[in-house]
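Numbering of ligands and ligand atoms starts at 1, following listing order.
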Amino acid sequence: MYDYICTMELLDGKQLSKILKSEIKQEVEKIMAKGERAPHLAAILVGNNPASQSYVRSKVRSCDEVGFRSTLLHLEENITEKELLEVVERCNTDPELDGFIVQLPLPDHINEQRINLAINYKKDVDGFHPVNFGRMVQGLPAFLPATPFGILMMLDRYHIETEGKNCVVIGRSNIVGQPMSILLSRKAYPGNCTVTLAHSRTKNLSEITRKADIIVAAIGRPNYLKADMVSEGVVVIDVGINRVEDASRKRGYRLVGDVDFENVAPKCSHITPVPGGVGPLTVTGLLLNTLKSYNKEVYI
Ligand code: GUN
């Protein structure tokens, strides 16, 4: 008699993003060899939210790594909505800018939806504008939201089977949960899943997650998904990046995901770590969208 031994494979987003970035860099080198300008991404950051500053720094650093031009527009916390709309409009019309993002969250006095709607969808490399979102739903060429796009690349490059699988997405944000559920149910690979979109009002979540072959945890609560909520052999994608206080660390905090990694990982066939899982692929998704914009692959 043999005991069932589940061999868990770590889905290494850091390593995969290195590979994808080197592929992007090669494309940029071909562009430059023809004497053309480099792809150009801009990031608008309002205020001094430490997590947002860190994400934007990582986006700018990644542009440098692949040979993109990047511009960081760091605006004061107390900028008015009208002033921010003017900055957005300048980006919309800059002929040497292929794409830009407005880092979220914005301060409370600014209406995020109004800003999102003001972005030229042809430069919306975050994929948040309703035109891109709607095109994604209908399976038309679109800029896909960077995090779900990164997760698709992860599933693809690790050859994870998705067809006919029960997939549970936890969290219904516009940025991750909603688009992820749509993309995984599409008639495509990765996709063709039977998707359940669970959220804060879902009843008996454990019963649902225990039937899942694939779980995408995007709820923003540290260590939320516990070992007794999953079955043996599950694939777990942890989108959470939560800062929890840790006096033993020099910076005073550590990053933990939405998954109780230590106890869930031994039951998994595949799992993403935090940090080093989904995070690096989000940035790669953004770079790929910018390259697509430069190459006019989505819109003329
Ligand atoms: N805040 C958290 N995630 C994101 C993202 O993917 N894009 C932007 N613009 N803001 C974010």
- Hey, is Arg157 close enough to Glu23 for a salt bridge, meaning N to O under 4.0 Å?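 Answer for the salt bridge query: yes.
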
- Examine Arg135 relative to Phe133 and say whether NZ or CZ is less than 6.0 Å from the centre of the six-membered ring and inside a 45° cone about the ring axis.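 No, cation not above the ring by the 6.0 Å, 45° rule.
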
- Task: Would you name the heavy atoms of Asn49 and Pro105 that are closest together and state the gap between them?
- Result: ND2-CG, 4.0 Å

Which residue and non-hydrogen atom of the protein lie closest to [atom], and at what distance in Å?
atom                    : value
atom 8 (C) of ligand 1  : Asp126 OD2, 3.3 Å
atom 4 (C) of ligand 1  : Gln103 NE2, 4.1 Å
atom 10 (N) of ligand 1 : Leu104 N, 3.0 Å

- Query: Just distances here: any N/O of Ile101 and N/O of ligand 1 closer than 3.5 Å?
  - Reply: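 Checking ligand 1 against Ile101, no N or O pair falls under 3.5 Å apart.
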
- Task: Give the contacting part of Val102 toward ligand 1: side chain, backbone, both or neither, where contact means a heavy-atom distance below 4.0 Å.
- Result: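 Answer for Val102: backbone.
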
- Message: Under 4.0 Å, counting heavy atoms only: does Phe128 come that close to any atom of ligand 1?
- Response: yes

- Message: Between Ser70 and Asp64, is there a side-chain heavy-atom distance shorter than 4.5 Å?
- Response: yes

- Please check if the distance between the ring centroids of Phe143 and Phe149 is under 6.0 Å.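 Not under 6.0 Å, so no.
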
